[in-house]
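Let me begin by presenting the structure, written as structure tokens, before commenting on it.
Ligands are counted one by one from 1 in listed order, and the atoms in each one are counted from 1 as well.
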Amino acid sequence: MTYKTLKDFDLNGKTVLLRADLNVPVQDGKVTDTTRIDRVKPTIDYLRTQNCKVIILSHYGRPKGQENAEFSLSFLPPVLRDQWGVLVGFGTDSTEDIKLLENLRFNAGEEANDLEYAKTLASLGDIFVNDAFSAAHRAHASTQKITELMPSCAGLSMEAELIALTNALEAPKKPVVAIVGGAKISTKLSVLNNLVKKVDYLVLGGGMANTFLFAKGAPVGLSLCEKDMKEECLSIEQKAKDAGCEIILPVDRIAILEFKANADHEVIGIDTIADDQESVDIGPETIKNIEGILEQAKTVLWNGPMGVFEMKPFDNGTNALAKKVATLTKSGSLLSVAGGGDTVSALDNAGAVEDFSYISTAGGAFLEWIEGKELPGVIALQNAKAKAA
Ligand code: ADP
Ligand code: MG
């Protein structure tokens with residue numbers, strides 16, 4: 001994959017239009033998680049060393065093309081100042097070297113990928129830098145159209161994400177293991193269908209493993225299971241076989257009667273489960289199995305927790321595997337990439353986030369990537385290079 005990066009341009013004294021994803025979670029007027037802000041800091045720091053003026057472009061929420069005070073970004077400059085250690089103005093009239101523009105989605109042209117709106121944005125700067133991987137699955141004026149109008153490149157955070165995802169899925173060191181869990185197989189059919197073509201082992205856990213076990217004739221009791229997905233499971237198994245990918249299913253599981261934290265639980269096999277029991281985590285033999293596979297692996301890609309990690313102790317399977325991946329990554333034998341909303345919380349809960357090679361917080365864009373879809377914002381950067389060269 002080729003695209004221009006910050007180092008390809010002489011940025012000295014230029015005005016940079018920086019697309020960031022500052023669509024941060026807010027509760028009672030306070031930003032509850034600054035990850036997205038923090039990820040843009042390296043690019044901000046770099047642009048400052050180049051004496052750039054920076055105009056930051058972002059969306060926030062879904063104002064649907066209309067001005068709406070509820071979705072104004074005006075609250076954010078002080079937070080950016082605190083996180084980045086630099087003054088940030090609001091709007092084009094402010095005097096600071098770094099300015100944040102109002103929510104792009106106040107203008108209907110943004111989501112419509114409108115040329116005239118993109119021209120208005122482009123007229124504000126000399127070069128476009130996209131540092132918003134998490135918005136790259138949208139073809140919008142500030143992620144796609146604008147790249148047709150001015151020199152464009154990836155920011156440092158975008159570049160890091162693209163390198164990590166490429167190393168995990170497009171050009172990985174083998175054997176490659178994908179760990180996929182979470183609640184429902186129906187939300188991850190495209191993920192599974194793409195991964196079986198690309199990885200050596202597909203480890204399944206969480207609710208979707210119940211559905212696979214059910215498809216193979218195992219009883220599931222009251223476990224979360226999408227019985228109407230049986231054919232899809234069998235078809236994924238066939239595709240895996242054809243592609244030389246081994247699907248690894250649980251060989252034991254943790255069963256409970258009452259769905260609550262610290263519920264009485266027992267380890268049961270795959271062949272039996274009481275009608276009123278439900279499976280909420282993978283069992284110890286399964287954990288041992290998967291640990292053995294991870295020890296041989298060079299690359300692991302992870303999406304979806306192995307159990308109901310929100311209720312202790314049913315985070316045990318997820319935690320054990322997260323710790324194993326973290327240890328192997330630290331020792332240098334494994335490249336590990338994980339992503340997904342609940343996956344990030346689950347790995348955080350396991351205390352493993354710092355030790356993975358890369359954790360994607362991109363949500364939808366990350367999932368579309370592992371579904372094998374092309375992301376318009378990324379394609380736009382690749383095309384921009386072709387044109388400028
Ligand atoms: P992500 O957001 O990372 O893509 P998902 O949304 O697919 O992950 O799945 C997360 C949810 O899956 C969690 O809320 C978790 O409780 C649930 N889950 C995992 N295992 C089970 C299980 N065995 N039974 C029911 N729910 C499960
Ligand atoms: Mg989720």
Side-chain angles (χ1 to χ4, degrees), residues 25 33 35 134 137 165 168 178-195 202-215 218-227 229 233 249-263 265-268 270 273 276-283 286-287 290 300-322 325 336-350 352-353 356 358-371 373:
D33 182 352
T35 307
S134 49
H137 56 319
L165 294 181
I179 303 179
V180 182
K184 292 189 172 180
I185 177 179
S186 54
T187 62
K188 303 237 167 120
L189 284 175
S190 318
V191 170
L192 297 172
N193 275 305
N194 185 45
L195 288 180
L202 175 60
V203 171
L204 295 178
M208 71 176 60
N210 299 330
T211 305
F212 266 85
L213 291 170
F214 170 80
V220 293
L222 289 182
S223 307
L224 178 65
C225 176
E226 293 173 283
K227 296 189 172 163
M229 287 285 135
C233 289
L249 287 172
V251 294
D252 58 354
R253 44 192 171 170
I254 307 295
I256 60 175
L257 284 168
E258 241 185 309
F259 193 82
K260 59 171 194 188
N262 300 308
H265 54 276
E266 62 172 325
V267 179
I268 59 167
I270 292 310
I273 187 168
D276 53 355
Q277 274 185 322
E278 67 183 297
S279 153
V280 286
D281 197 8
I282 53 176
T286 303
I287 293 172
I290 301 171
V300 63
L301 178 68
W302 187 338
N303 169 254
M306 295 292 97
V308 185
F309 73 98
E310 299 94 336
M311 296 191 319
K312 288 198 182 311
F314 312 120
D315 55 351
N316 181 59
T318 304
N319 293 351
L321 296 187
V325 170
S336 51
V337 174
D342 293 293
T343 308
V344 177
S345 326
L347 297 180
D348 199 22
N349 176 58
V353 163
F356 272 59
Y358 193 82
I359 303 263
S360 173
T361 51
F366 174 82
L367 277 177
E368 289 198 18
W369 178 289
I370 65 174
E371 286 172 356
K373 289 196 186 139

* Asked: What N/O/S atom of D342 gets nearest to the Mg ion (ligand 2)?
  ->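 Per the distance ranking, D342 contributes OD2 as its closest N/O/S atom to the Mg ion (ligand 2).
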
Residue, atom name and distance, where the atom is the protein heavy atom closest to [atom]:
| atom | value |
| --- | --- |
| atom 27 (C) of ligand 1 | V308 CG2, 3.6 Å |
| atom 13 (C) of ligand 1 | E310 OE2, 3.2 Å |
| atom 19 (C) of ligand 1 | G307 O, 3.1 Å |
| atom 7 (O) of ligand 1 | K188 NZ, 2.6 Å |

Can you list the ligand 1 atoms lying under 4.0 Å from a non-hydrogen atom of [X]?
| X | answer |
| --- | --- |
| L224 | 24 (N), 25 (C), 26 (N) |
| G207 | 20 (N), 21 (C), 22 (C), 23 (N) |
| G340 | 3 (O) |

* Asked: Do any nitrogen or oxygen atoms of D342 lie less than 3.5 angstrom from nitrogen or oxygen atoms of ligand 1?
  ->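 Yes.
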
* Asked: Rounded to the nearest 0.5 Å, how far apart are CG of D348 and OG1 of T343?
  ->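 The OG1 atom of T343 is 12.0 Å from CG of D348, to the nearest 0.5 Å.
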
* Distance-only polar pair, side chains of N349 and D315, donor-acceptor under 3.5 Å ->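 Yes - a donor-acceptor pair under 3.5 Å links their side chains.
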
* Which is it for S279 and ligand 1 at heavy atoms under 4.0 Å: side chain, backbone, both or neither? ->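 Just the backbone.
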
* To do: Could you check which of G341, C225, G182, A338 puts a non-hydrogen atom nearest to atom 9 (O) of ligand 1?
  =>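 Among G341, C225, G182, A338, the closest heavy atom to atom 9 (O) of ligand 1 belongs to G182.
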
